[in-house]
Amino acid sequence: MAVKTSKADKKIAYDKKLCQLLDDYSQILVVAADNVGSNQLQNIRKGLRGDSVVLMGKNTMMKRSIRLHSEQTGNNAFQNLIPLLVGNVGLIFTRGDLKEVSEEVAKYKVGAPARVGLIAPIDVIVPPGNTGLDPSQTSFFQVLNIPTKINKGTVEIITPVELIKKGEKVGSSEAALLAKLGIRPFSYGLVVLTVYDNGSVFSPEVLDLTEEDLIEKFATGVSMVTALSLAISYPTLAAAPHMFINAYKNVLAVAVATEYSFPQADKVKEYLKDPSKFAVAAAPVSVSYADVGDAPVKEEPKKEEPEEESDDDMGLGLFD
């Protein structure tokens, strides 16, 4: 006869498992598990098997275990997980790539009917077309203000109708209609809410950033630091080249206005004394005939123009 495990033993085993996972894994995905069934969760566990572990449990139990383990190990980074355990959530411990794991989790979504009282996660639109229902159901559509007509002995919806808006509760009439039409408008699965990586907590949108996005954001940050440094005259590595150039311009202006000079300013002063040197420096390179040598110049053959025909050639005069 199998010995039944007591609740206290289950709690001890759960606490031991959670603490062991915290020690073994440094990456954790906090996921919402609303409307996720046990079979669906089992399929997710199978899909992630190998480098990831899914752990569900009561929030109070998880918070207590994490808090005690953080105090025992002295690792305060675990404390960042405690505020995230709100609602129906679970933890996915992983050693794999966070983006790939989150994409794998998103694959396991299952269609679900619209149950009464549920909050619609999306807009539900009933498409036009034949419903296959008999004409006695027309009153049911009229209650929901859905335009219909009778076509070949069945009810046909004329135009698309927005039955439920996102964020609204599903009513009994809407749920009954969708059930009659065989429409399962919602899909549920584990949704990644937050990412924990070696003590850092951030939004899952960060996982979608590409290398180009990071370079663009870094360049924007550098330009802002440079602009601020130049505005307050505070030297930074980003602003140093601009500061050197501006300082050189100021010293050059002083040298031009006074008799003081330095090697870099001598050439500028020379140009200012003789502006014609600007034209010489900027003159386009011309090819002289001496460079060409004694190469003979090919003369284009002259095209002989036809002589105008005179009236004498015709043998007739003007008045003949």
Side-chain angles (χ1 to χ4, degrees), residues 10 13-70 72-73 75-112 118-122 166 184-218:
K10 289 181 179 179
Y14 183 87
D15 177 74
K16 185 178 180 181
K17 181 179 180 180
L18 177 55
C19 293
Q20 187 64 44
L21 289 173
L22 289 172
D23 291 336
D24 294 343
Y25 294 86
S26 60
Q27 299 180 137
I28 304 172
L29 299 178
V30 181
V31 294
D34 293 330
N35 303 300
V36 177
S38 57
N39 291 335
Q40 185 179 357
L41 192 60
Q42 189 64 24
N43 292 332
I44 295 173
R45 283 195 170 100
K46 289 180 182 178
L48 297 177
R49 188 172 295 169
D51 59 355
S52 302
V53 178
V54 181
L55 181 68
M56 307 298 294
K58 292 183 178 180
N59 292 346
T60 53
M61 206 174 202
M62 289 192 288
K63 288 179 180 179
R64 179 180 178 278
S65 298
I66 293 172
R67 187 182 296 108
L68 293 176
H69 188 68
S70 176
Q72 291 171 1
T73 59
N75 189 350
N76 294 325
F78 293 142
Q79 299 282 349
N80 296 332
L81 286 169
I82 295 177
L84 306 177
L85 302 177
V86 179
N88 187 15
V89 296
L91 302 176
I92 298 179
F93 298 84
T94 180
R95 294 192 185 94
D97 183 80
L98 290 171
K99 181 176 175 59
E100 293 178 0
V101 174
S102 61
E103 289 176 350
E104 184 67 23
V105 170
K107 292 179 182 178
Y108 294 90
K109 286 191 175 182
V110 178
L118 284 179
I119 303 298
I122 58 172
K166 181 180 179 180
R184 298 165 68 89
F186 305 144
S187 60
Y188 297 107
L190 294 181
V191 179
V192 179
L193 300 177
T194 316
V195 181
Y196 172 92
D197 188 2
N198 289 308
S200 301
V201 177
F202 50 89
S203 172
E205 282 78 10
V206 176
L207 301 177
D208 298 328
L209 292 175
T210 61
E211 187 176 348
E212 290 76 14
D213 296 331
L214 295 177
I215 293 174
E216 182 181 355
K217 290 183 180 295
F218 178 77

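One N or O on the side chain of Gln27 and one on the backbone of Gly96 form a donor-acceptor pair closer than 3.5 Å. The backbone N or O of Ser70 sits nowhere less than 3.5 Å from a side-chain atom of Asn75 that would complete a donor-acceptor pair. Side-chain atoms of Glu104 never come within 3.5 Å of backbone atoms of Ile44 as a donor-acceptor pair (strictly under, hydrogens ignored). Between the side chain of Asn80 and the backbone N or O of Gly199 there is at least one donor-acceptor pair closer than 3.5 Å. Side-chain atoms of Asp97 come within 3.5 Å of backbone atoms of Glu100 as a donor-acceptor pair (strictly under, hydrogens ignored). For the pair Arg184 (side chain) and Gly111 (backbone), a donor-acceptor distance under 3.5 Å is present. Checking side-chain atoms of Asn59 against main-chain N and O of Gly87 turns up a donor-acceptor pair under 3.5 Å. Looking at Asp213, its side chain does come within 3.5 Å of a backbone N or O of Thr210 through a donor-acceptor pair.
Two residues are said to be in side-chain contact when any heavy atoms from C-beta on lie closer than 4.5 Å; Val54 and Leu48 meet this criterion. Residues Thr60 and Leu85 fail the side-chain proximity criterion, which asks for heavy atoms closer than 4.5 Å. Within the 4.5 Å cutoff, no side-chain heavy atoms of Ile92 are placed close to those of Leu55. For the pair Phe202/Asp197, a side-chain contact is recorded, criterion being any heavy-atom separation below 4.5 Å from C-beta on.
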Next item on the list: Verify side chain to side chain contact (heavy atoms under 4.5 Å, CB included) between Val53 and Leu21, making sure each step is shown before the conclusion.
Entry: CA-CA 9 Å; Val53 178; Leu21 289 173; 4.2 Å; yes
Note to self: Quick one, Leu190 with Leu41, criterion side chain to side chain contact (heavy atoms under 4.5 Å, CB included). Give me CA distance, side-chain angles, the key distance, then yes/no.
What the structure shows: CA-CA 8 Å; Leu190 294 181; Leu41 192 60; 4.1 Å; yes
Next item on the list: Walk me through it: do Val31 and Val191 pass the test side chain to side chain contact (heavy atoms under 4.5 Å, CB included)?
Entry: CA-CA 5 Å; Val31 294; Val191 179; over 6 Å; no
Next item on the list: Walk me through it: do Arg67 and Phe78 pass the test side chain to side chain contact (heavy atoms under 4.5 Å, CB included)?
Entry: CA-CA 8 Å; Arg67 187 182 296 108; Phe78 293 142; over 6 Å; no
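Going from atom CZ of Phe186 over to atom NZ of Lys109 covers 13.0 Å, rounded to the nearest 0.5 Å. One finds the CD atom of Gln40 at 12.0 Å from the CZ atom of Arg45 (value rounded to the nearest 0.5 Å).
Taking 4.0 Å as the cut-off between side-chain N and carboxylate O, Glu103 and Lys99 count as a salt-bridged pair.
The neighbour count for Arg64 CZ, taken as heavy atoms of other residues, nucleotides or ligands under 6.0 Å away, does not exceed 12.
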